[in-house]
Student: 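Attaching a single structure in structure tokens format; questions to follow.
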Amino acid sequence: MISTRQLVYRYAGGGPELRFEDLEVAQGGVLLLRGASGSGKSTWLALAAGLLAPAEGDIMVAGQAMKALGKAAGDAWRAATVGFLPQKLHLSAALTVHGNLAMAQWAAGRSADESRISEALAALDVQALAQRKPAQLSGGQAQRVALARAVLLKPQVILADEPTASLDDEAAAASLDLLRATARQQGATLVIATHDARVAEFFRDEKGLQALQLGRRQP
């Protein structure tokens, strides 16, 4: 579940502020954050992940009030609760696919779990790529690996930042289908930040779908 009330983010040094409409998304629901570049989509995702703190208002994610999290507690909560699929996938070029997932377990302070790595890779149909390095993957394969890493620890929330950017229609549909299927399998709330009209069309008939249209920064 995600809920916000009178949420405001204010940039340092007296810069512009972003004010977000109140919303409530049930666990397992889908939320689309829509708006042009600079409208605050990535900022909203960062607030939901506990990477930024609101200047005003409240945001609660999976039962956790973001204002109550300190840095150390926030890192642990985020690792256990949030799966993040960034626009730039940030796979370590020096590690194999398997190594990238093992590193995610290590970064979260978890013991190595080979069976869970295999399970996550199999669920995204990339188990055969486990010993390849990112440079040996196609764009679609790399996105699947990044999503496997994002859901490795069975998060309650999946945040995806512009997952269809630079993809053709067929690849975009495949990416969105993969996100939806993975969220359903995990029982996770799915949040997608996008300015791509194809995303809204793809989820048009999704039960319980919510959309938040973001505007420009306020002076």
Student: Do Arg204 and Glu206 meet the salt-bridge criterion of a basic N to acidic O distance under 4.0 Å?
Tutor: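 Between Arg204 and Glu206 there is no salt bridge, as every charged N stays at least 4.0 Å from the carboxylate O atoms.
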Student: Classify the side-chain pair Asn100/Ser92 by whether it contains a donor and acceptor separated by less than 3.5 Å.
Tutor: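 Per modelled atom types, Asn100 and Ser92 side chains form no pair under 3.5 Å.
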Student: Transitively linked via ILVMFWY side-chain contacts under 4.5 Å: Leu124 with Leu137?
Tutor: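 Cluster IDs for Leu124 and Leu137 match.
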Student: Strictly by modelled atom types, are Ser175 and Gln143 linked by a side-chain donor-acceptor pair under 3.5 Å?
Tutor: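 Side-chain D/A pair, Ser175 to Gln143: present.
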Student: Can a donor-acceptor pair be found between the side chains of His195 and Glu162 at a distance below 3.5 Å?
Tutor: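 Yes, a side-chain donor-acceptor pair sits under 3.5 Å.
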Student: Would you check if the side chain of Asp22 reaches a backbone N or O of Gln6 as a donor-acceptor pair within less than 3.5 Å?
Tutor: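 At least one qualifying donor-acceptor pair exists.
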Student: Please examine the side chains of Ile192 and Leu33, heavy atoms only from C-beta on, and report whether any two atoms are closer than 4.5 Å.
Tutor: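 Leu33 vs Ile192: side chains apart.
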Student: Starting from the C-alpha separation in whole Å, work towards a yes-or-no answer on salt bridge (Lys or Arg N to Asp or Glu O under 4.0 Å) for Glu114 and Arg116.
Tutor: CA-CA 5 Å; Glu114 293 293 333; Arg116 179 58 193 148; over 6 Å; no
Student: Determine, using the 4.5 Å side-chain heavy-atom cutoff (strictly less than), whether Leu85 and Val61 are members of one ILVMFWY cluster.
Tutor: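 They do not share one cluster, since no chain of ILVMFWY contacts under 4.5 Å joins Leu85 to Val61.
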Student: Has His90 got a side-chain atom pairing as donor or acceptor with Lys88's backbone, closer than 3.5 angstrom?
Tutor: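 Flag set: sc His90 to bb Lys88 pair under 3.5 Å.
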Student: Assess the residue pair Met1 and Glu24 against the criterion (side chain to side chain contact (heavy atoms under 4.5 Å, CB included)); give the C-alpha distance rounded to whole Å, side-chain angles, the decisive distance to 0.1 Å, and a yes or no.
Tutor: CA-CA 7 Å; Met1 187 190 93; Glu24 188 158 329; 4.1 Å; yes
Student: Group every Ile, Leu, Val, Met, Phe, Trp and Tyr by side-chain heavy-atom contacts under 4.5 Å, then state whether Leu31 and Phe202 land in the same group.
Tutor: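 No, separate clusters.
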Student: With the side chain counted from C-beta on, respond yes when Leu32 and Leu212 share a heavy-atom pair under 4.5 Å apart, and no when they do not.
Tutor: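 No, their side chains stay 4.5 Å or more apart.
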Student: For Gln87, does the CD atom sit with more than 12 other heavy atoms under 6.0 Å from it, leaving out its own atoms?
Tutor: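 Counting other residues, nucleotides and ligands, CD of Gln87 exceeds 12 neighbours.
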Student: For residues Arg149 and Leu152, determine if any side-chain heavy atom of one lies less than 4.5 Å from a side-chain heavy atom of the other.
Tutor: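 Sidechains of Leu152 and Arg149: no contact.
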Student: Nearest 0.5 angstrom please: Ile59 CD1 to Lys67 NZ, how far?
Tutor: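 So the CD1 of Ile59 and the NZ of Lys67 are separated by 11.0 Å.
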Student: Flag yes if Leu167 and Leu179 sit in one hydrophobic cluster, no otherwise; membership is Ile, Leu, Val, Met, Phe, Trp, Tyr, and two members link when side-chain heavy atoms are under 4.5 Å apart.
Tutor: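 No, no single cluster joins them.
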Student: Determine whether Arg198 and Glu201 satisfy the following criterion, salt bridge (Lys or Arg N to Asp or Glu O under 4.0 Å), listing intermediate values before the conclusion.
Tutor: CA-CA 5 Å; Arg198 296 174 300 179; Glu201 178 62 23; over 6 Å; no
Student: For the backbone of Leu23 and the side chain of Thr4, can you confirm whether one donor and one acceptor N or O come within less than 3.5 Å of each other?
Tutor: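 Yes, the answer is positive, given that a donor and an acceptor are paired below the 3.5 Å cut-off.
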